[in-house]
Amino acid sequence: MIRLEHKGDCCGCSACAQLCPTHAITMEEDNEGFLYPRVDVARCVDCGLCQRVCPVINPYAPREPLAQYAAKHRDDAVRQSSSSGGVFTPLAESVIADGGVVFGAKFDTTWSVVHAYAESTEELAILRGSKYVQSSMGDSYISAKRFLEDGRKVLFSGTPCQIAALKHALGRDYDNLLTVDIACHGVPSPRVWRDYLSSKRLKMHAADITALSFRDKRDGWRNYNVKICFAPAGGAEHAAEVCTVTPYRRDLFMRGFLKNIYLRPSCYRCAAKCGRSGADLTIADYWGVERYHAPLDDDRGVSLILVNTPRGEALLRGVVSQVECVATEYDNALRHNPCIKHSVSEPPLRAKFWAEYERVQLKAVEQILNELHPRGIRRMLSRIRYVVDKIVKRR
Ligand SMILES: Cc1cc2nc3c(=O)[nH]c(=O)nc-3n(C[C@H](O)[C@H](O)[C@H](O)COP(=O)(O)OP(=O)(O)OC[C@H]3O[C@@H](n4cnc5c(N)ncnc54)[C@H](O)[C@@H]3O)c2cc1C
Ligand code: SF4
Ligand code: SF4
Ligand code: SF4
C-alpha cells in the first residue's frame, strides 16, 4: 500500500484512490489544502495496485518533442477568452465534432477547481482558460475509461502529472485516446485560494462571486489581469455586479504563486514534466515569441505547441485551418519557459510561510514577499520591468 515518506512524493493525482479495488483510499486535505491519500488499513487487501498506478513511484522517461510550433487561433475572440494563443479550443472542438468527450479543469460552484468533461461545444467554455489552483480529479480516470471502452474519442487535458496518472490508471493504450498537457509552473495551495477569495468577498461586501478570470487580456497577453466579478450582498436584486481588475503583478495570490511560496511540495521535484507525462501534445504560452516570430506577436497571445507523438501530430493537422502555425526551435521556446523542463526551486522561506500562515493567514503572503524582496528592490524591479515592456512593445 501507499506509504508517503515525504509529501513531495505525492502529486495528488488520486489515481491510487480511484483504482483501489476495496475503496480503502480517500483523498484528504492537509493543513496546506492539498489532497493526499489516506489508507484505511482495515480495508486494504495488500494487492499493491495503488503503488503500481502511482506516477511518482513509476515515472516515465523524459522525452524531447518530435516538432514544435508557435501558434495562434485565427479568431481573435477565441484568443481573447483563452490564456495563451487559444489552441486548446479547436483541438477540443474537433474531438467533440467526432462525437467525443473532452476532459479538463473547471471552476465548481464554490470556485474550487475540479476536473470535468464536456460533450458539446457549449459545455467546452467552462474548461477554457487557466485556473491557477490544483484541480481535484474526482473519478475522472474511471469515467474516461468508460467512454474509451464505449468506443468514444476522449481528449484528456490537464497538468503533466494528471496525464501520467491517467495513463497509469488506464493500464493500456487506447487508439481513441488523445492527451494534451499544459506546461506547468506548479500548482498553488487551494487553502490560500479559498482564503484569498473570502477576503475579496469581504472587502467587496459581496454575497458571492459571479465570474472569475486569471488571464483577463484587456491590457494585453503579457500584462494580464485577474478579474473577479461580485454579486451585491443583501439580495439587492437590481444592483449591478461589480468587477475588480488587478494586474497580475499586483495581485496578492498571483504574486505568492509566481514566487513559488505555496506550491504543492511535489512541484519542487516534479516527476512528470520534460515529456514524462506521455501526452500527445503539450501546450504553453510562447513567452519570448517576439524575438523569434515577431510578425505573429500582437500581444493577444501566442501558444507554443510541442508535438510529442504521431497521434498528436494528426490531431494538430486536423485543426490547421483554424490555427496559424509556424515551426519553431525547441531551445528558443525553452529559454523563456524553463518550467517545461525543470521544476522551480523551493524557497527557503516556505516553511516559515506556513508557520506564519497559521498565525496571520493571508498577511503571511505579503510578509514573506517583503522578506524575499524588500520594498526598495521591488520598486527598482518594477521600474526595470516597465522599461523592458516599453522596449518590447516598440519593436
Ligand atoms: C497551474 C498552471 C500552471 C501553468 N504554468 C505554465 C507555465 O509555467 N508556462 C506556460 O507556458 N504555461 C503554463 N500554464 C499553461 C497556460 O497558462 C495555458 O493554460 C496553456 O498555454 C493553454 O492555453 P490555451 O490558450 O491554448 O487554452 P486555454 O483555454 O487557456 O486553456 C485551457 C486548458 O488548460 C487546462 N487547465 C486550466 N486550468 C487547469 C488546472 N488547474 N489544472 C489542469 N489543467 C488546467 C484546461 O483543462 C484546458 O486543457 C499553466 C497552467 C496552469 C493551470
Ligand atoms: S494495496 Fe490494494 S487494497 Fe490496499 S490500499 Fe492499495 S490498492 Fe487498495
Ligand atoms: S501521486 Fe497519485 S497515485 Fe501516487 S500516492 Fe499520490 S495520489 Fe496516490
Ligand atoms: S509541477 Fe509537476 S507535480 Fe506539480 S502540478 Fe505540475 S505536473 Fe504536477
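Side-chain atoms are counted along with the backbone in the values below, which use heavy atoms only and exclude waters and symmetry mates. Only a predicted model underlies this, so the values are computations on that prediction, with no experimental measurement involved. First listed ligand is number 1; within each ligand, the first listed atom is number 1.
- Remark: ligand 1 and T89 share no N or O pair separated by less than 3.5 Å (distance only, no angle test).
- Looking from atom 21 (O) of ligand 1 to the surrounding protein, the closest heavy atom is S84 OG, 2.7 Å.
- Remark: ligand 3 atoms within the under-4.0 Å shell around heavy atoms of C10 are 1 (S), 5 (S), 6 (Fe), 7 (S).
- Side-chain contact, S303 with S84: no donor N or O sits under 3.5 Å from an acceptor N or O.
- By the 30° and 60° cut-offs, the orientation of the rings of F353 relative to Y357 is tilted.
- Using modelled atom types, one finds a donor on one side chain and an acceptor on the other under 3.5 Å when comparing R264 with Q134.
- With a heavy-atom cut-off of 4.0 Å, Q162 touches ligand 1 through its side chain alone.
- The closest approach between a heavy atom of N337 and any atom of ligand 1 is below 4.0 Å.
- Ion pairing between K363 and E356 fails under the 4.0 Å rule for side-chain N and carboxylate O.
- Interface of P160 with ligand 4, defined as ligand atoms under 4.0 Å from a residue heavy atom, comprises 7 (S).
- The single protein non-hydrogen atom nearest to atom 3 (S) of ligand 4 is S266 OG, 3.7 Å, given as residue, atom name and distance.
- Looking at D285 and W221, their side chains do bring a donor and an acceptor atom within 3.5 Å of each other.
- The closest non-hydrogen atom to atom 22 (C) of ligand 1, taken over I283, I305, I163, comes from I283.
- Here the heavy atom of the protein found nearest to atom 29 (O) of ligand 1 is G129 N, 2.9 Å.
- For the 3.5 Å distance criterion, the side chains of E149 and Y174 qualify, holding a donor opposite an acceptor.
- If you look at A284 next to ligand 1, the close heavy atoms, those under 4.0 Å, come from the backbone and the side chain alike.
- With a 4.0 Å heavy-atom cut-off, ligand 1 is reached by the backbone of V133 but not by any atom from C-beta on.
- For atom 50 (C) of ligand 1, the nearest non-hydrogen atom of the protein is A183 O, 3.2 Å.
- Contacts of D285 with ligand 1, taken as heavy-atom pairs under 4.0 Å, involve both backbone and side chain.
- In this structure, R215 is positioned above the aromatic face of Y224, its NZ or CZ under 6.0 Å from the six-membered ring centre and within 45° of the axis.
- Remark: the Q162 side chain and the S135 side chain contain an N/O donor-acceptor pair separated by less than 3.5 Å.
- Each of the following atoms of ligand 3 lies closer than 4.0 Å to a heavy atom of M27: 7 (S).
- When each atom of ligand 3 is checked for a heavy atom of S14 under 4.0 Å away, the hits are 2 (Fe), 7 (S).
- Contact atoms of ligand 1 toward C339: 8 (O) (distance under 4.0 Å to a heavy atom of the residue).
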Discussion item. Run the salt bridge (charged side-chain N to carboxylate O under 4.0 Å, His left out) test on E29 and R194 for me, step by step, so that the C-alpha distance in whole Å, both residues' side-chain angles and the decisive distance to 0.1 Å come before the verdict.
Written reply: CA-CA 13 Å; E29 263 196 31; R194 278 195 302 268; 2.9 Å; yes
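- Not one N, O or S atom of C54 sits under 2.8 Å from atom 2 (Fe) of ligand 3.
- Contact annotation: for L127 versus ligand 1, heavy atoms closer than 4.0 Å belong to the backbone alone.
- Of the protein's non-hydrogen atoms, the one nearest atom 18 (C) of ligand 1 is S130 OG, 3.3 Å.
- Inspection of the T328 and H293 side chains reveals an N or O donor paired with an N or O acceptor under 3.5 Å.
- Protein heavy atom in closest approach to atom 8 (Fe) of ligand 3: C16 SG, 2.3 Å.
- A salt bridge between E64 and K341 is present, with a side-chain N of the basic residue lying under 4.0 Å from a carboxylate O of the acidic one.
- Interface atoms of ligand 4 facing V187, defined by a heavy-atom separation under 4.0 Å, are 5 (S).
- Side-chain contact check for D181 and S157: no donor-acceptor pair (N or O, by modelled atom type) lies under 3.5 Å.
- Not a single heavy atom of S81 sits under 4.0 Å from any atom of ligand 1.
- Between T244 and T246, the side chains place no donor N or O within less than 3.5 Å of an acceptor N or O (distance only, hydrogens not considered).
- Considering only heavy atoms from C-beta on, Q18 stays 4.5 Å or farther from H23 through its side chain.
- Using modelled atom types and a 3.5 Å distance limit, the side chains of N225 and D219 yield a donor-acceptor pair.
- Protein heavy atom at the shortest distance from atom 45 (C) of ligand 1 is A105 CB, 3.5 Å.
- When only modelled atom types and interatomic distance are considered, R269 and H6 share a side-chain donor-acceptor pair under 3.5 Å.
- Ligand-side atoms of ligand 3 in range of C11: 1 (S), range being under 4.0 angstrom from any heavy atom.
- In this structure, K7 forms no cation-pi arrangement with F34, as its terminal cationic atom is not both closer than 6.0 Å to the ring centre and no more than 45° off the ring axis.
- The shortest N/O to N/O separation between K131 and ligand 1 falls below 3.5 Å.
- For ligand 1, one of its N or O atoms has an N or O atom of G86 under 3.5 Å away.
- Only side-chain heavy atoms of P37 come within less than 4.0 Å of ligand 3; its backbone N, CA, C and O stay farther off.
- Within the listing of ligand 3, atoms 5 (S) sit less than 4.0 angstrom from a heavy atom of I2.
- In terms of polar-atom proximity, H185 is counted as a contact of ligand 1, with an N or O under 3.5 Å from an N or O of the ligand.
- Partner of F214 under the ring pair (Phe, Tyr, Trp, His ring centres under 6.0 Å) criterion, out of W111, F257, W193, Y248: W193 alone.
- The single protein non-hydrogen atom nearest to atom 6 (Fe) of ligand 4 is C184 SG, 2.4 Å, given as residue, atom name and distance.
- The protein non-hydrogen atom at the shortest distance from atom 2 (Fe) of ligand 4 is C270 SG, 2.4 Å.
- Atom CD of E241 is surrounded by more than 12 heavy atoms from other residues, nucleotides or ligands within 6.0 Å.
- When non-hydrogen atoms are compared, ligand 3 lies under 4.0 Å from neither the backbone nor the side chain of A17.
- The neighbour count for E358 CD, taken as heavy atoms of other residues, nucleotides or ligands under 6.0 Å away, is above 12.
- Among all protein heavy atoms, the one lying closest to atom 49 (O) of ligand 1 is S157 OG, 2.8 Å.
- Of all protein heavy atoms, the one lying nearest to atom 4 (Fe) of ligand 4 is C267 SG, 2.3 Å.
- Set against the non-hydrogen atoms of G85, the atoms of ligand 1 under 4.0 Å away are 25 (O).
- When the options T159, V180, I126 are ranked by their closest heavy atom to atom 42 (N) of ligand 1, first place goes to T159.
- Taking 2.8 Å as the criterion, C161 counts as a coordinating residue of atom 8 (Fe) of ligand 4, since one of its N, O or S atoms falls below it.
- Residue contacts with ligand 1 include R215, since one or more of its heavy atoms lies under 4.0 Å from the ligand.
- Ligand 1 has an N or O atom lying under 3.5 Å from an N or O atom of F88, backbone or side chain.
- For atom 1 (C) of ligand 1, the nearest non-hydrogen atom of the protein is G186 O, 3.5 Å.
- Closest protein heavy atom to atom 34 (O) of ligand 1: I182 CG2, 3.8 Å.
- Distance check for C16 and C50: the SG atoms are not under the 2.5 Å cut-off.
- Defined by atom type and a distance below 3.5 Å, a donor-acceptor pair is present between the side-chain atoms of R335 and Y292.
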